[in-house]
Q: 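Once you've had a glance at the structure underneath, I'll fire off some questions.
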Amino acid sequence: MSHKAVIPAALLFFFCSALLAEDRSDPVPVKVWHTFGAGSMEERLFTRAVDGFSAEHPGIAVQVVGIPYLQNLQQFINAAQAGVAPDLIRLSDTELGKIGHITVEGMPLLEDLRAHLTPVQKRTYLPDSLFAMRYGESLYALPASRSGMTLLYNADIFDGAGAAYPTDLWRTEDLLRAAKTLTTDEVTGLALPVRWSYWFVPFIAASGGRLLDDAGNPALSSPGTARAMEWVLDLARVHGVTGSVNSIEAMSTRFQTGRAAMVIDGSWNWDRYRESGIRLGQSLLPYDAETGERLAPMIGYFGWSVAKQSGVKAAAVKLARWLTSAAVQRDFAFGTYSLPTLIELMSDPEITGHPVLGGFIEQARFGTPTPTTRITAMLFEQLDTALALTYDGSMTAGAALEAADRELAKMLKW
Amino acid sequence: MHLAGFASLLALASIGAAGDLAPDVTADPAKHEYRRIHVDVRHAPGPETTAYQVWFSEQPFSSVADAELHSTVLVVDSVAGLARGTPVFDIQDCWLDGLPAYRDADDFPVVLRGTASWSCSLSGMAPGVDQWIAVLPVDRDGRSTSLLSPIQARTDVPDQRTPEPDTLHITLTLVSIVLAVIVLLSYLRRRDIRGGRVQSSRAYAYVVPALIGLATLTFYPITYGVWLAFTDASQSHLGQESWNGLANFATVGASPGVVRVFLFTMVWTFSNVAAHVALGLLLAHVLTRPGVRGRTAYRTILLLPWAIPGYISVLAWNGILQPDGLLNAILGTAADFTATPNAARLSVILVNVWLGIPFMMMVLSGALQGIGTDMFEAAELEGVSRWDQFVHLTLPNLKGILVPISLLGFIFTFNNFNTIYLMTRGNPYVGFGEPGATDTLVTYVFSVAFDYGQYGVAAAWSVAIFLLLVAFSYVYVKRSGVMEVAR
């Protein structure tokens, strides 16, 4: 072939290639950010779910990016500000409360998913789960899992002391009595980080207090909450039954190493405790001795949110629905003890009758309902401050809670 | 069994069994929204009809087995006790006579029997795709009471996406900076050539990359930060900040705990720098003395805290100081070294002292080795004591390095973030809305920016800190006279 013929032939080849390439439809790329720990069971199950989705939807190319949990939110805000937000992101209800009010170029960060689902599809989720994914009028995520806390105990320590195991009928005075009995130089009766608001919340509703009033304004200050705060702090200050546990990690480590008889903890730590060789028992949190109400832990929710700036929302919603489907939620429930958010799974006897899940699901029925709002996201720090100042004697519980309400009201004006 | 599947089987089994006319369904494109198709339904429900089922599919269908159940609208004989309103979560928006439909306790839209028409906005419809929609009256057993008559509709209302952030001004600013640097250096080069200084003309080309890098990566962000300090920039409305004058600086001045956090920052900085220099100098002095055996090994060991990444060291110390940590295990106590304000302050200072000594020791070791030995030998012969040798010979000879190194140490320590953030996150709390007991200006600014999202106020804090450091550096250098020594 002469040189003169090579150039037209090459041009023709590239022209035809370009035409063919235009005909071939490229898969729709969907970028997903998740916060599962590297190498964790959660990550393995998530990867399996994404693989299943990719096999079922070859027209959608899922790109998975793992982001450390504590950096998740700020990185998402930064990315959104730069116009490079992921299409789908895993967020908790608290995180939704933190970013629900944020706008970029006048638009919210997240897509309101109400228009994306049919009423029948929306009704497949538990109402409280859907409620937790709501910010204002908008539905900012599809609920994928929830979690709460129960009373876990080390049966060997109870047996060693000849004490009766906790029961679902226990009252707070029973909890205190057992904690005192079981506390020794080596063992803490109840490992509880008393200055952490998350661990204090279960006592609030049971004592007749609440976090927010009906209008959604801060309502920490109440005689019931003040009484509960003094009672909880006295576990450490007066009775000395909580050990010197000052952090969540210290609490978990103490229980894991057999140096605490009881702990109020979530299902996420179940395997960690079981694998350490503890003969683990579980019961519902006790009733408040004065009000007769059961302690009501916060129920934390995680869901999948679609970025407002995503150009592939339909595909992102499809993946979000897959990741919140019954099959995936079952896998997560059995693999990680996270509680499902679908109505149909709540009537699944394998789940409700599961020795671990069953207890957490039962306790979740008594959970403290909290709307996903900006104020909810803010109140934990103020509650932490109130606990700290009451603990060190700077303020009384009542005064500290009033100050917390005032500070929250001030913060709302920002 | 799945709800839709169950309903479809029931409906399929009895289509046409009853004699109602099929509802007259029309789509109103003018009212369509993104992923929503608006339908108007005209139908007089028979006595057996208890609900309407809305079915849809992206393919034509003649049986509900080939479609997906979209929603249900209930038919009742009385709406007593029911309220009209928008549903929670907009599960289904429906209207009667132009007003929101009644809703039952489960939030289902409700139509009063005898109502001739109603309308709904059907969510979950793929945009730009033809949909076939059918409204099927059913009795209380779910059996259809009329024929299926799907209509074709589609919504082409486009998605509302966030506009691409406008970065043109940033691009133009960066280009302007680059051009300005090039123009400035070209002018200087030409002036040199005119002045006969031709040998240095190439030097400008060599410094261009560094100057451009410095201008775009350092000066521009600083300038941008200064500009932010005069705006109401906030996390809640990113990209829409507007000028608000000195309001942020007024907020900074009125911040509760501002004096306390400033004082602790000073205590933190001066105690750390003093300890770094004093202990670093002591160790350097000891290790440079003649006759010390195993000097290299000592230096290597003492350098370890600096060689290990700071965050690992700090986290390790955090663990050591826990009530269940190593220190308490050794002491046989269960003290919480970060629980009370003063204990926490002392803990973070001591950890940072431990982290900073190796650097000072290494720099001062080098400087000590550079001092000639003659004068020390002469001093020995004159019977001058070791202490006097140190005060009158060593220290004056180290002044040239001690002043800049302590100034740098001051700036590094003042701006140190990792130690406090990883040890205590500024805690323990000492008041509502105030900086924590161990917060310094820098950690507090981080909190203002990223916990509270007040970018403008945080920028104002940063400008204040910057001016403070500039002023301190100027006074320090001026008073110490080190530059005169250097000249």
Side-chain angles (χ1 to χ4, degrees), chain A residues 74 77 80-83 85 99 101-109 114-124 127 130-131 134 137 139 195 243-247 249-250 253-254 259 307-311 313-314 344 381-382 384-386 388-389 392 394 400 403-404 406-407 410-411 414, chain B residues 2-4 33-36 54 56 68-72 86-92 106-108 122-127 159-167 234-240 322-324 328 334-336 338-341 427-434 450-454:
Chain A
Q74 194 56 48
I77 293 169
Q81 195 174 10
I99 65 168
H101 67 288
I102 298 177
T103 59
V104 172
E105 305 293 335
M107 304 280 267
L109 296 182
R114 290 178 300 173
H116 291 262
L117 305 182
T118 69
V120 165
Q121 289 166 349
K122 287 172 203 164
R123 286 183 188 279
T124 58
L130 221 46
F131 185 71
R134 175 190 182 189
E137 293 292 310
L139 178 65
R195 281 171 288 162
S244 46
V245 168
N246 67 347
S247 67
E249 188 52 36
T253 305
R254 189 165 270 259
R259 291 181 295 136
K308 184 73 183 170
Q309 61 187 228
S310 168
K313 291 195 181 91
E344 68 169 288
E381 188 182 338
Q382 301 314 316
D384 282 337
T385 309
L389 296 180
D392 69 17
S394 305
R406 278 198 302 275
E407 184 61 23
K410 198 169 83 183
M411 289 169 81
W414 292 350
Chain B
H2 193 272
L3 178 64
E33 296 170 68
Y34 173 60
R35 295 197 74 126
R36 288 178 186 275
V54 182
F56 77 110
E68 184 179 341
L69 181 63
H70 178 277
S71 51
T72 301
T86 310
V88 185
F89 300 124
D90 182 22
I91 283 200
Q92 187 174 9
D106 294 323
D107 216 23
F108 280 101
L122 307 181
S123 59
M125 300 290 148
D159 178 18
Q160 232 190 350
R161 284 183 62 192
T162 313
E164 288 291 322
D166 181 13
T167 53
S234 156
Q235 201 178 52
S236 60
H237 53 276
L238 299 170
Q240 292 185 312
Q322 287 297 307
D324 281 345
N328 273 310
D336 189 343
T338 55
T340 60
N427 292 330
Y429 299 103
V430 286
F432 290 95
E434 290 186 22
F450 298 110
D451 292 340
Y452 300 127
Q454 296 180 301

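Each chain gets a letter, A, B and so on, in the order the sequences are listed, and its residues count up from 1.
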Q: Show the nearest heavy-atom pair for residues Lys122(A) and Ser123(B), with the distance to one decimal.
A: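 Distance-wise, the nearest heavy atoms are NZ-OG, 3.6 Å.
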Q: Shortest non-hydrogen contact from Ser310(A) to Arg161(B)?
A: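 Closest approach of Ser310(A) to Arg161(B): O-NE, 3.4 Å.
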Q: Which value, rounded to the nearest 0.5 Å, describes the distance between Thr162(B) atom OG1 and Lys308(A) atom NZ?
A: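 Answer rounded to 0.5 Å: 6.5 Å.
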Q: Please look at Gln160(B) and chain A and tell me whether the side chain, the backbone, both or neither of the residue comes under 4.5 angstrom of a heavy atom of that chain.
A: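 Answer is both: backbone and side chain atoms of Gln160(B) are under 4.5 Å from chain A.
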Q: In terms of heavy-atom pairs under 4.5 Å, which option from Ala388(A), Gly106(A), Ser394(A), Ala250(A) contacts chain B the most?
A: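 Of the options given, most contacts go to Gly106(A).
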Q: Within the structure provided, determine whether Glu68(B) and Val120(A) are in side-chain contact (heavy-atom separation under 4.5 Å).
A: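 Answer no - side chains too far apart.
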Q: Can you tell me how far CD1 of Ile77(A) sits from CZ of Phe450(B), rounded to the nearest 0.5 angstrom?
A: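 The CD1 atom of Ile77(A) is 9.5 Å from CZ of Phe450(B), to the nearest 0.5 Å.
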Q: Taking only residues two or more places apart in sequence or in another chain, which ones pass side chain to side chain contact (heavy atoms under 4.5 Å, CB included) with Asp336(B)?
A: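 Asp336(B) satisfies side chain to side chain contact (heavy atoms under 4.5 Å, CB included) with Arg195(A), Asn246(A), Pro323(B), Thr338(B), Ala339(B) once adjacent residues are dropped.
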Q: Under the side chain to side chain contact (heavy atoms under 4.5 Å, CB included) rule, collect the residues that match up with Thr103(A), sequence neighbours excluded.
A: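 Thr103(A) satisfies side chain to side chain contact (heavy atoms under 4.5 Å, CB included) with His237(B), Gln240(B) only.
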Q: Closest heavy-atom contact between Thr385(A) and Tyr429(B)?
A: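 Where Thr385(A) meets Tyr429(B) most closely, the heavy atoms are OG1-CD2, 3.3 Å.
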Q: Give the minimum heavy-atom separation between Glu407(A) and Gly433(B), together with the two atoms involved.
A: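 Closest pair (atom of Glu407(A), atom of Gly433(B), distance): OE2-CA, 3.1 Å.
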Q: Between Pro163(B) and chain A, with a heavy-atom cut-off of 4.5 Å, which part of the residue counts as in contact: side chain, backbone, both or neither?
A: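 Answer is both: backbone and side chain atoms of Pro163(B) are under 4.5 Å from chain A.
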Q: Starting at NE2 of His116(A), measure out to CG of Asp159(B) and round the result to the nearest 0.5 Å.
A: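 Between His116(A) NE2 and Asp159(B) CG, I get 6.5 Å after rounding to 0.5 Å.
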Q: If you round to the nearest 0.5 Å, how far is NE2 of His101(A) from OG of Ser234(B)?
A: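 Those atoms lie 6.5 Å apart.
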Q: May I ask you to test the Glu381(A)-Phe432(B) pair for a side-chain heavy-atom distance under 4.5 Å?
A: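 The answer is no, as the side chains (C-beta and beyond) never meet within the 4.5 Å cut-off.
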Q: Indicate yes or no: at least one non-hydrogen side-chain atom of Gln235(B) is less than 4.5 angstrom from one of Gln74(A).
A: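 Gln235(B) vs Gln74(A): side chains touch.
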Q: Checking heavy atoms, do the side chain of Ala85(A), its backbone, both or neither come under 4.5 Å from chain B?
A: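 The answer is neither part of Ala85(A).
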Q: Report which part of Thr253(A) has an atom under 4.5 Å of a heavy atom belonging to chain B: side chain, backbone, both, or neither.
A: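 Neither part.
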Q: Could you go step by step and tell me if Asp107(B) and Arg123(A) meet the side chain to side chain contact (heavy atoms under 4.5 Å, CB included) rule?
A: CA-CA 10 Å; Asp107(B) 216 23; Arg123(A) 286 183 188 279; 4.1 Å; yes
Q: Can you tell which part of Ala80(A) gets under 4.5 Å to a heavy atom of chain B, answering side chain, backbone, both or neither?
A: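 Just the backbone, heavy atoms under 4.5 Å.
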